[in-house]
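The structure appears below as structure tokens.
When reading the values below, keep in mind they use all heavy atoms of this one structure, side chains included, and skip hydrogens, waters and symmetry mates.
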Amino acid sequence: MARLLNLMTLASALTVTASVALADGHMSFKNSGKVLPTNLPFSELVEVGDTLYLSGQIGNKPGTLELADGGIAGETKQVMENIKTSLEAHGYGLENLVKCTVMLADIGEWGAFNKVYKDYFAEGRFPARAAFGANGLAIGAAVEVDCIGAK
């Protein structure tokens, strides 16, 4: 019950943040084209006030819908490089991330994911995170990660 209340409070806070940002004109939708084509029906990154919302990234090779080689390790490395590329294209970096959500086609690969993921952050400076098993990630990906950041 407490977790449900926390989620409801978070959803309310995000709604208020988005509403204030819209009213102030501080919302922008960004696509660099450096990871995925810009004609897909979502934005790579949305800025709402001082908050950054990154769309989920899979381990595709930039400019293609072909997954990186090497199974979960190879795809995780490519996911993190794609996130880094998206952030840098808009003037930010991995240090701006405050929360990531990880979706794994096989939750049993959580340890292998972590082995690669941890190398992208300074020790003790990891974003808050949730991870869960998911069925049917885009183009048969083994992993997808979406993130929230702060300016």
Side-chain angles (χ1 to χ4, degrees), residues 3 6-7 9-11 13-18 20-22 24 26-134 137-151:
R3 184 172 180 177
N6 287 341
L7 289 174
T9 301
L10 177 60
L14 292 175
T15 300
V16 169
T17 300
V20 169
L22 272 175
D24 291 342
H26 292 105
M27 179 181 270
S28 60
F29 301 84
K30 302 185 178 270
N31 285 301
S32 69
K34 293 187 176 197
V35 176
L36 288 169
T38 59
N39 65 343
L40 296 173
F42 56 87
S43 296
E44 173 180 273
L45 183 143
V46 176
E47 292 183 19
V48 180
D50 288 335
T51 305
L52 310 171
Y53 298 93
L54 283 79
S55 287
Q57 293 284 339
I58 58 172
N60 64 291
K61 297 175 185 176
T64 76
L65 291 178
E66 180 183 338
L67 295 170
D69 297 327
I72 188 68
E75 284 187 46
T76 299
K77 181 176 179 5
Q78 190 63 59
V79 164
M80 296 309 296
E81 290 297 323
N82 290 350
I83 290 169
K84 183 178 173 189
T85 296
S86 292
L87 286 165
E88 289 175 351
H90 303 292
Y92 304 106
L94 292 170
E95 66 278 1
N96 291 99
L97 297 181
V98 297
K99 171 79 167 79
C100 294
T101 302
V102 179
M103 294 149 272
L104 297 163
D106 178 357
I107 196 67
E109 294 185 314
W110 186 69
F113 169 85
N114 279 333
K115 189 179 268 188
V116 176
Y117 175 87
K118 68 179 179 61
D119 291 339
Y120 282 85
F121 300 98
E123 187 65 36
R125 301 271 308 169
F126 299 109
R129 197 178 82 186
F132 57 89
L137 296 175
I139 69 169
V143 60
E144 181 173 346
V145 179
D146 77 1
C147 303
I148 298 173
K151 292 182 180 180

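For the pair G56 and E144, the tightest heavy-atom approach, listed with the atom from each and the gap, is CA-OE2, 3.4 Å. Pairing each heavy atom of I72 with each of F113, the nearest pair is CG1-N, 4.4 Å. Nearest heavy-atom pair, S32 versus T38, reported as atom, atom and distance to 0.1 Å: C-CG2, 4.3 Å. The shortest heavy-atom contact between A89 and K34 is CB-CD, 4.0 Å. Residues G74 and A68 share a closest heavy-atom pair of O-CB, 3.7 Å. Across all non-hydrogen atoms, the minimal contact from L97 to C100 is CD1-SG, 4.1 Å.
Between atom NZ of residue K77 and atom CG of residue D119 there is a gap of 9.5 Å, rounded to the nearest 0.5 Å. We find the CD-OH distance between E81 and Y120 to be 3.5 Å, quoted to the nearest 0.5 Å. Distance check, rounded to the nearest 0.5 Å: CG of D50 to NE2 of H26 gives 9.0 Å. Residue S86 holds its OG atom at 9.5 Å from CD of E88, rounded to the nearest 0.5 Å. Interatomic distance, CD of Q78 versus CG of L67, reported as 9.5 Å (0.5 Å rounding). To the nearest 0.5 Å, the span separating CG on N31 from CG on L40 amounts to 8.0 Å.
Put simply, the side chain of N82 gets close to the backbone of N60: a donor and an acceptor are under 3.5 Å apart. Side chain of E75 to main chain of A142: a donor-acceptor pair is present (N/O by atom type, distance under 3.5 Å, no hydrogens or angles). S55 places a side-chain N or O within donor-acceptor distance of the main-chain N or O of S43, the cut-off being under 3.5 Å. Between the side chain of N96 and the main chain of A150, a donor-acceptor pair closer than 3.5 Å is present.
Aromatic ring orientation, F126 versus F121: perpendicular (interplanar angle above 60°, classes split at 30° and 60°).
The environment of K99 atom NZ is dense: over 12 non-hydrogen atoms of other residues, nucleotides or ligands sit within 6.0 angstrom.
Residues I83 and C147 form a side-chain contact, since some pair of their non-hydrogen atoms from C-beta on lies under 4.5 Å apart. Between D146 and Y53, the closest side-chain pair of non-hydrogen atoms is not below 4.5 Å.
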Checking side chain to side chain contact (heavy atoms under 4.5 Å, CB included) for the pair L65/L36: CA distance, chi angles, key distance, verdict? CA-CA 8 Å; L65 291 178; L36 288 169; 3.8 Å; yes

Any chance you could lay out the side chain to side chain contact (heavy atoms under 4.5 Å, CB included) test for V143 and L104, step after step, and finish with the verdict? CA-CA 5 Å; V143 60; L104 297 163; 3.7 Å; yes

Criterion side chain to side chain contact (heavy atoms under 4.5 Å, CB included) on K151 and L52, from CA distance to verdict: CA-CA 7 Å; K151 292 182 180 180; L52 310 171; 4.1 Å; yes

List the steps, then state whether side chain to side chain contact (heavy atoms under 4.5 Å, CB included) holds for Q57 with V145. CA-CA 5 Å; Q57 293 284 339; V145 179; 5.6 Å; no

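At a cut-off of 3.5 Å, with distance as the only test, no side-chain donor of H90 or E47 sits close to an acceptor on the other residue.
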